[in-house]
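Accompanying notes for the structure given below.
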Amino acid sequence: MSQRKAPAVEHSLRLFNELKGLGVQIILVSSRRECLRSATIDNLVDVGYHGWTSLILRGADDENKNIQKFKADVRKKLINSGYRIWGILGDQWSSIEGLPLAKRTFKLPNPLYYVA
């Protein structure tokens, strides 16, 4: 992650750009730690992701939360801030499960690793 060399998943990048072109505000939520923000942003931009509304990473207060709780808590905060969550795209079930739910969820395959 800190080496900034993760490749883009081509179909995810296409969907990202289609949604952005429709005017959807895209908020990226990652279980990466806040200390990796600069490397994460550089990597995202290098592989073609740019123009998102916000990038939310795990801060010090989130370290002891499991990933599902962290991401569910982020969704709750976004809804309480006035956002509507139309979709969640993730390669781990922990990104998608938990309340509140989105109108649509997209589970991508990930043959490299599984996060419980």
Side-chain angles (χ1 to χ4, degrees):
M1 286 184 262
S2 63
Q3 293 179 1
R4 307 169 182 171
K5 294 186 181 195
V9 177
E10 201 57 42
H11 53 275
S12 297
L13 182 57
R14 262 195 321 270
L15 178 60
F16 174 89
N17 284 318
E18 285 180 32
L19 292 171
K20 190 173 69 170
L22 293 170
V24 173
Q25 292 185 28
I26 299 172
I27 298 174
L28 304 175
V29 180
S30 175
S31 59
R32 290 183 179 193
R33 289 176 171 78
E34 186 62 45
C35 64
L36 294 169
R37 176 173 292 278
S38 179
T40 300
I41 289 172
D42 288 347
N43 191 182
L44 286 166
V45 171
D46 286 349
V47 299
Y49 288 92
H50 49 81
W52 62 82
T53 300
S54 180
L55 172 64
I56 300 172
L57 304 175
R58 285 172 56 182
D61 294 343
D62 304 311
E63 288 293 320
N64 293 325
K65 292 180 186 175
N66 68 40
I67 293 168
Q68 180 180 333
K69 175 146 178 53
F70 163 68
K71 291 189 176 183
D73 286 352
V74 168
R75 291 194 299 269
K76 286 176 194 168
K77 288 177 187 174
L78 291 169
I79 288 171
N80 289 340
S81 296
Y83 286 98
R84 290 182 301 235
I85 300 175
W86 291 104
I88 299 172
L89 175 76
D91 66 347
Q92 302 294 322
W93 286 112
S94 58
S95 296
I96 297 169
E97 295 175 334
L99 297 175
L101 300 173
K103 299 253 184 227
R104 295 284 312 264
T105 57
F106 304 89
K107 169 65 174 77
L108 301 174
N110 184 338
L112 299 177
Y113 67 93
Y114 173 74
V115 177

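Below, each value reflects all heavy atoms present in this structure, side chains not excepted, and no hydrogens, waters or symmetry copies.
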Output a table of donor-acceptor pairs, distance under 3.5 Å, between side-chain atoms of residues 72-85 and any protein atom two or more places apart or on a different chain; print 'none' if there are none.
from, atom 1, to, atom 2, distance (Å)
Asp73, OD1, Lys69, NZ, 3.2
Asp73, OD2, Lys65, NZ, 2.9
Asp73, OD2, Lys69, NZ, 3.1
Arg75, NE, Pro100, O, 2.8
Arg75, NH1, Ser95, O, 3.2
Arg75, NH2, Glu97, O, 3.0
Arg75, NH2, Gly98, O, 2.8
Asn80, ND2, Lys76, O, 3.3
Ser81, OG, Lys77, O, 2.9

Q) With ILVMFWY side chains joined below 4.5 Å, transitively, what does Leu99's cluster contain besides itself? A)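 Besides Leu99, the cluster holds Leu101.
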Q) Is it true that Ile88 and Trp86 fall in one hydrophobic cluster, defined by side-chain heavy atoms closer than 4.5 Å? A)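 No, Ile88 does not connect to Trp86 through the hydrophobic network.
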Q) For Arg58 and Ser31, does a side-chain donor sit closer than 3.5 Å to a side-chain acceptor? A)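 Result is no, nothing qualifies.
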Q) Does Lys107 reach the side chain of Ile96, with side-chain heavy atoms less than 4.5 Å apart? A)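 A side-chain contact under 4.5 Å exists here.
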Q. Taking the side chain as C-beta and beyond, is there a heavy-atom pair between Ile41 and Leu55 under 4.5 Å?
A.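 SC-SC contact between Ile41 and Leu55 confirmed.
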**Q.** Pairs satisfying ring-ring contact (aromatic ring centres under 6.0 Å, His included), at least one member in residues 57-82, at least two apart
**A.**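 Sorted result for residues 57-82: empty, none.
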Q: Would you give the length of the straight line joining atom CG of Leu57 to atom CZ of Arg32, rounded to the nearest 0.5 angstrom?
A: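 It is 8.5 Å, given to the nearest 0.5 Å.
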Q. Excluding sequence neighbours, so at least two apart, what forms side-chain hydrogen bond (donor to acceptor under 3.5 Å, both in side chains) with Glu63?
A.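 With neighbours one apart ignored, the set is Arg33.
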Q. Has the side chain of Asp62 got a donor or acceptor atom that lies under 3.5 Å from a matching backbone atom of Gly59?
A.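 The answer is yes, because a donor-acceptor pair under 3.5 Å joins these two groups.
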With a 3.5 Å cut-off and sequence neighbours excluded, list the donor-acceptor pairs that the side chains of residues 9-28 form with protein atoms.
from, atom 1, to, atom 2, distance (Å)
Asn17, ND2, Leu13, O, 3.2
Lys20, NZ, His50, O, 2.8

